[in-house]
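All figures in this text were calculated on a predicted structure; none of them were measured in a lab. A, B, ... follow the sequence lines: proteins, then strands. Residue 1 opens every chain.
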2 protein chains.
Amino acid sequence: MVTSKILSNIARHISLTDEETSFFISLITCKTLPKKSWLLQADQECRYLSYVHCGALRSFYIDKAGKESTIMFAVSDWWITDMHCYLNNKPAMTHIETLEESTVLQINRTDFDRLLEAVPKFERFFRILMQNAYTREQLRVMENLSSTAEERYQSFLKKYPQIVKQVTQKQIASYLGITPEFLSALRKQKN
Amino acid sequence: MVTSKILSNIARHISLTDEETSFFISLITCKTLPKKSWLLQADQECRYLSYVHCGALRSFYIDKAGKESTIMFAVSDWWITDMHCYLNNKPAMTHIETLEESTVLQINRTDFDRLLEAVPKFERFFRILMQNAYTREQLRVMENLSSTAEERYQSFLKKYPQIVKQVTQKQIASYLGITPEFLSALRKQKN
DNA sequence: TTAATTTCTTAAGGTACCTTAAGTTCGCTA
DNA sequence: TAGCGAACTTAAGGTACCTTAAGAAATTAA
């Protein structure tokens, strides 16, 4: 199992002893999924918080009308789950699919609690992770409220140049909250 | 200074010793602001994280075109700040105004760090606070992407019945991302 | 390589929501 | 208690973005 990447992700915010490191590693499991497979489906129990070692994933919501809305993309070194349902033990509201072959390191809910209890430093780590996730979502809400589709698209290109390379326009459109047809029209008029 | 409310807010997630409690209290300051005053203005340094003891506040963003977008409302027992700028010591992007006379308990950035260092239990407290804020924002993004204005308005009424009583329709409209005129039209057709 | 599938594009017609502007009601302050 | 400014309403005309449908291009499967 490849753990150096996840350990340096963690080391960005907290320092672990060797013992703490091995304990953490004992709690995570590695999973490799082929392209276009499910990491999670709506209504399933959301068992895992996943760190993306490599690959690309997308979480999305399907409303009653059947329309997909992309909640987030996760590429190498990102964390992904249906956070609300993972933390509150509720059936998942979202789907998570692989966009290419992906390897993830996972921790289940019980072990997550054990980890926080045994190594309180992880409270700090996840506080910072949640903090960043919160402010990122808040900025996204602000942008959705105050910008046009064109501006949001330009901002997405600028903010996530790596993701742009790994996902389709249809998926970007559903992240921006517009139709693929309209995104296509926007792209045409700019170039 | 009235501290029982903020202490039971904290006690919902962590238990403090008497000593920890007094240390925490030594770090917070109390401020009462009249109606229609500023807790924060854009471009100012964002010094404080504020707990709303009583009253009602609103944080909002003003874009280049001068349009206001409401980011959040905070009534009694909520926490509010420009989180991104508070945590990263950047000039505020948002404004926070009182909608009525309000009393807030505040902690400045330096003391926030001292608190987390001296009483690591607060890492847990703020992890949970950030977690909840994150999942709330994520649900809002989902709703903004997948629902009509009418649906978002109904959902707002249901989710925040207390807030509805304390804010104007113009402010609700700017939270939903629609014009007050359109909100007025929506309300007409339903009743 | 071809066939099948999916993505991307184009275009015409439609709708949700906006802008402007005016009138009405509400809530302050004099 | 009147008068002023803000909030709310109404309505007409406008625009950003959607829906549908079809064809072209790219990707995948065989």
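Under a 3.5 Å cut-off, the side chain of B/Ser76 and the backbone N or O of B/His53 do form a donor-acceptor pair.
Between A/Trp38 and A/His95, the angle of the ring planes lies from 30° to 60°, which puts this pair in the tilted group. Using bins of under 30°, 30° to 60° and over 60° for the plane-to-plane angle, the ring pair A/His13/A/Phe125 lands in the tilted bin.
Counting only residues at least two apart or on different chains, the salt bridge (charged side-chain N to carboxylate O under 4.0 Å, His left out) pairs with a member in residues 99-112 of chain B are B/Arg109-B/Asp113, B/Asp111-B/Arg114.
Ranked by how close their nearest DNA chain C nucleotide is to the 5' end, B/Ala149 and B/Lys35 are led by B/Ala149.
Side-chain contact, B/Tyr153 with B/Arg187: a donor N or O sits under 3.5 Å from an acceptor N or O.
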Inset, instruction - Summarise how protein sits on nucleotides 4-9 of chain D as a single string, 5' to 3': B when a protein heavy atom is under 4.0 Å from the base, S for sugar-phosphate-only contact, - for no contact. - result: ---SSB

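You'll find the ring centres of A/Tyr160 and A/Phe73 outside the 6.0 Å limit.
Heavy-atom contacts from other residues, nucleotides or ligands closer than 6.0 Å to CG of B/Asp18 number 12 or fewer.
The side-chain tip of B/Arg127 does not point at the ring of A/Phe122 from less than 6.0 angstrom away and within 45° of straight on.
If you walk DNA chain C from 5' to 3' and mark each nucleotide with an atom closer than 4.0 Å to a heavy atom of chain B, the marks span C/dC17 to C/dC28.
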